[in-house]
Amino acid sequence: MPDTTSHAAGRFEIAAPHRELLDQVLDKWSLQVLNELCERPSRFSELRRVIPAVTQKSLTSTLRRLERNGIVERIVLSTRPVAVEYRITPLGKTLRPPIDAILDWAAQQMPRIEAARDRFDDEAIGS
């Protein structure tokens, strides 16, 4: 298997803006929020309920990052009292195929990954 390379320079490089975006979009809370919003729009409290481990502060921060990157939109509903709903944007929907590809890869490779982890841990204990 060849080394991973970029198309232009023959080297795999992730520029700072790309790294920042990947960090913001692929963190554990973002992935869970995106998973929920791909199914249906949700209010903040609904997201907290379906992702019980996330804190209010972390969820707020995650939603703001995703909104800033154009992945999620915040809609103010004209209800009484006023409510806010979060929806995945068309740009956000384009994330689904690459994320699914990574998850499929992980599922297929998990036995090899677990074996590598076991070898590593055995060697670390033996040292």
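Note that the coordinates shown come from a computational prediction; the quantities given were computed from them, not determined experimentally.
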Exercise. Which value, rounded to the nearest 0.5 Å, describes the distance between R119 atom CZ and D121 atom CG?
Worked result: 11.0 Å
For this session: Would you indicate whether the side-chain heavy atoms of Y86 and L37 approach each other to under 4.5 Å?
Result: yes
Would you mind writing out the side-chain donor-acceptor pairs for residues 58-68 within the sub-3.5 Å range, not counting sequence neighbours?
residue : atom : partner : partner atom : Å
S58     : OG   : T55     : OG1          : 3.0
T60     : OG1  : Q56     : O            : 2.9
S61     : OG   : R65     : NH1          : 3.0
T62     : OG1  : S58     : O            : 2.8
R65     : NH2  : D27     : OD2          : 2.6

For this session: Identify the two heavy atoms, one from L31 and one from I99, that lie closest to each other, and give their separation to 0.1 Å.
Result: CD2-CD1, 3.7 Å
Problem set entry | Atom pair CG (L95) and CD1 (I71), whose distance is rounded to the nearest 0.5 Å | 4.5 Å
Exercise. Looking only at heavy atoms, which two atoms of T89 and V72 are closest? And how far apart?
Worked result: CG2-C, 3.7 Å
Problem set entry | Point-to-point distance, once rounded to the nearest 0.5 Å, from CG of D118 to CD of E114 | 7.5 Å
For this session: Tell me whether V82 is reachable from F44 by hopping between hydrophobic residues (I, L, V, M, F, W, Y) whose side-chain heavy atoms are closer than 4.5 Å.
Result: yes
For this session: Share the residues that join I75 in a hydrophobic cluster, the rule being Ile, Leu, Val, Met, Phe, Trp or Tyr side chains under 4.5 Å apart at the heavy-atom level.
Result: L77
Exercise. Mind checking whether M110 and I102 sit in one hydrophobic cluster, side chains of I, L, V, M, F, W, Y counted as touching below 4.5 Å?
Worked result: no
For this session: Rounded to the nearest 0.5 Å, what's the gap from CD on E85 to CG on L47? Could you check?
Result: 10.0 Å
For this session: Any chance you could lay out the side-chain contact (heavy atoms from CB on, under 4.5 Å) test for I51 and W29, step after step, and finish with the verdict?
Result: CA-CA 8 Å; I51 311 171; W29 300 130; 3.6 Å; yes
Exercise. How would you list all residue pairs meeting side-chain hydrogen bond (donor to acceptor under 3.5 Å, both in side chains) that involve residues 31-51, not counting sequence neighbours?
Worked result: none
For this session: Hey, could you give me the CD/CG distance between E73 and L91, rounded to the nearest 0.5 Å?
Result: 11.0 Å
For this session: Any chance you could measure S30, atom OG, to D23, atom CG, to the nearest 0.5 Å?
Result: 10.0 Å
Exercise. Side chains of L34 and V25: closer than 4.5 Å at any heavy-atom pair?
Worked result: yes
